[in-house]
Amino acid sequence: MINLLVLPLLIPLVTAALLIFLPKSIRVQRAVSVVSAIGTLAASIVLLLTVKDNGIQTVNVGSWDAPFGITLVSDTLSALLVTTSSLITLSVILYSFRSIGEARERFYYYPIVQFLLVGVNGAFTTGDIFNLFVFFEVMLMASYVLIVIGGTKIQLRESIKYILVNVISSALFVIAVAMLYSVVGSLNMADISQRIAQIGSLPILTVIAVLFLIVFGLKGAIFPLYFWLPGSYYAPPVPVLALFGSLLTKVGVYSILRSYSLFFYHDQAFTHELLGILAIITIIVGCIGAIAYWDVKKIIIYNIIIAVGVLTFGISVATEESYMGTVFYTIHDMIVKAALFLLIGVMIKITGTNDLRKMGGLMKKYPLLGWTFLVAAFALAGIPPLSGFVGKLLIVRGGLAEGAYVGSLIVLLSSLVVLYSVIKIFMNGFWKAPKDYPGEENQPVLSLWAPGALLVLASILYGVGAEVMYPIISQATDALVHPAIYIDAVLKE
Amino acid sequence: MEILMSIVIGALFASSVYLMLSKSLLRIIIGTGLLSHGAHLLIITMGGLKRGAAPLLGEKAASYVDPLPQALILTAIVISFGVTALFLVLAYRAYQELGTDNMDEMRGNEAND
């Protein structure tokens, strides 16, 4: 079963290709999408268990031995992220049935979601820096279509800015890869790491590290490069927003984590310091946005930026504990962000507005939705025993141990702001006097609520079962702290 | 030769930045095209502009060119071609729908929503 790690890429790819030929039969599209998403999830869970028991799995595509060919590498970290992405995609597909609308379904919505999953899973799995660029492009191409599908005015307007930003960042990615190639003469990530270790610390490597930070920071939305995110993510409908918010930014964060732990860990004085400062400013900017708005979508969108800041802070500290916290928190944040987006999507469907001031009193009629939202909100803020707590605890402890007191304090304080911002949604949306909303009886609330609840359940299990997850996470962290494990697995024999 | 190429790449980047900073959507798209051209030239320059035989074993030459940068450029050209095509279609559709190609009028503020 050496080809197991190709399955989470192959299943969505084949499904997408198949679905393109069936645009008119929506029922078939839905059925095939769900079956394939479940298949992808099952394959990735099997992959995760295999990696946990047998160590890092690799496939040399076309039987060209590493470092000459393209290598796909699945270590515990990437298997974990692939599993999480597949789970989120499954819930979003389930949510889309009753919410995305027939017009979008006819225009290749489901195949594009599958293509997005190919790109995301590929970016997590690949062990080749140029192949990472290619999977970024697969993912971005799908996201360009998803952001504009439906063709409303705001979508067209925002998609142009989104594409422009990403075209520029792709060009920068190519430039960064070219410069790295000219210095080390390899594209295989394990081989690059080995050669950088031999070269030692050249000043040009710091330049390349910062260039990669700009590229991945644009995707992941860290401080000066986040400007496009609130506007662009606001435009598409909620299921697409949930996919983008939970998956796309995390791909950027993962790439920073991978490149900074595998390539640029020798000379940390400048790069990691820079990353730490940017992370802190990112958190602050996100906090300001999360407090400022009365629009539910905007509030959660700014919460994405806060989470990215917390994660990059964990990466910048670069100790075993903070890496472990980062891995823990990444998975938590992907699940719970997607859940929150889906739940506020239900609120928007019921009330017909994004504006919190026009909502109110949902608790009376929809108690289940209210309680689910509250649990998700607490999980996001990191209240124990829910899933946000463990990751944040480890990140803060790692930060304090390294003497990064300001950053750790900001991370802690940001939890309060996160709590305030989501409780603001809860208090204004679910409390207050009940109101009647036109057309609320026609909304399929229960079937919209279920996918969100599935993710909240996953988040609870992840938090309560932290004990079970701990060995897996710590295995994922080992490969980050000791690049030799990763290198040996890829370049064996 | 490398220096000449660097100047060309710099000129391409400069003009693409100039174009992308303008307000007209079409100029912006041309700017992204020039930007990717610059990036592709940069790859081939970074790989080293060596003169040598084609990288085939039967050539028995003293030196071979590095095939990898060319493979990278080929991939990057295809991708940027696809993105530019999509971008152009989208710009046309946006022009039809929004009635403008001026980025100033596409700001996301209350007046435009």
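Note that these values count all heavy atoms, side chains included, but never hydrogens, waters or copies made by symmetry. Proteins get letters first, then strands, A, B, ... in listed order; numbering begins at 1 in each. Being a predicted model, the structure only gives us computed values, none of them experimental.
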| request: Counting only heavy atoms closer than 4.5 Å, note whether A/Leu140 contacts chain B via side chain, backbone, both or neither. | output: neither
| Would the A/Phe136 and A/Phe133 ring centres measure less than 6.0 Å apart? | no
| message | For chain A, which candidate among B/Leu90, B/Thr75, B/Leu72 shows the most heavy-atom pairs at distances under 4.5 Å? | response | B/Leu72
| query | Side chain, backbone, both or neither: which part of B/Leu86 has a heavy atom under 4.5 Å from chain A? | reply | side chain
| query | Do A/Ile154 and A/Arg157 pass the side chain to side chain contact (heavy atoms under 4.5 Å, CB included) test, and can you show the C-alpha distance, the side-chain angles, and the key distance before you say yes or no? | reply | CA-CA 5 Å; A/Ile154 176 169; A/Arg157 197 184 68 206; 3.9 Å; yes
| Proximal component of B/Phe13, with respect to chain A [non-hydrogen, under 4.5 Å] | side chain
| task | Look only at the side chain of A/Asp191 and the backbone of A/Leu187, and say whether a donor-acceptor pair between them is shorter than 3.5 Å. | result | no
| query | What option among A/Ile160, A/Val174, A/Val145, A/Val167 has the most heavy-atom pairs under 4.5 Å with chain B? | reply | A/Ile160
| Any Lys/Arg nitrogen of A/Asp355 or A/Arg357 sitting under 4.0 Å from an Asp/Glu carboxylate oxygen of the other? | yes
| said: Looking only at heavy atoms and a cut-off of under 4.5 Å, which of A/Leu164, A/Val148, A/Asn166 has the most pairs with chain B? | reply: A/Leu164
| field | Backbone of A/Thr152 reached by a side-chain donor or acceptor of B/Glu97 within 3.5 Å | value | no
| task | Identify which part of B/Leu25 has an atom lying under 4.5 Å from any heavy atom of chain A, answering side chain, backbone, both or neither. | result | side chain
| Which heavy-atom pair separates A/Ala16 from A/Gln114 by the least distance, and what is that distance? | CB-CB, 3.7 Å
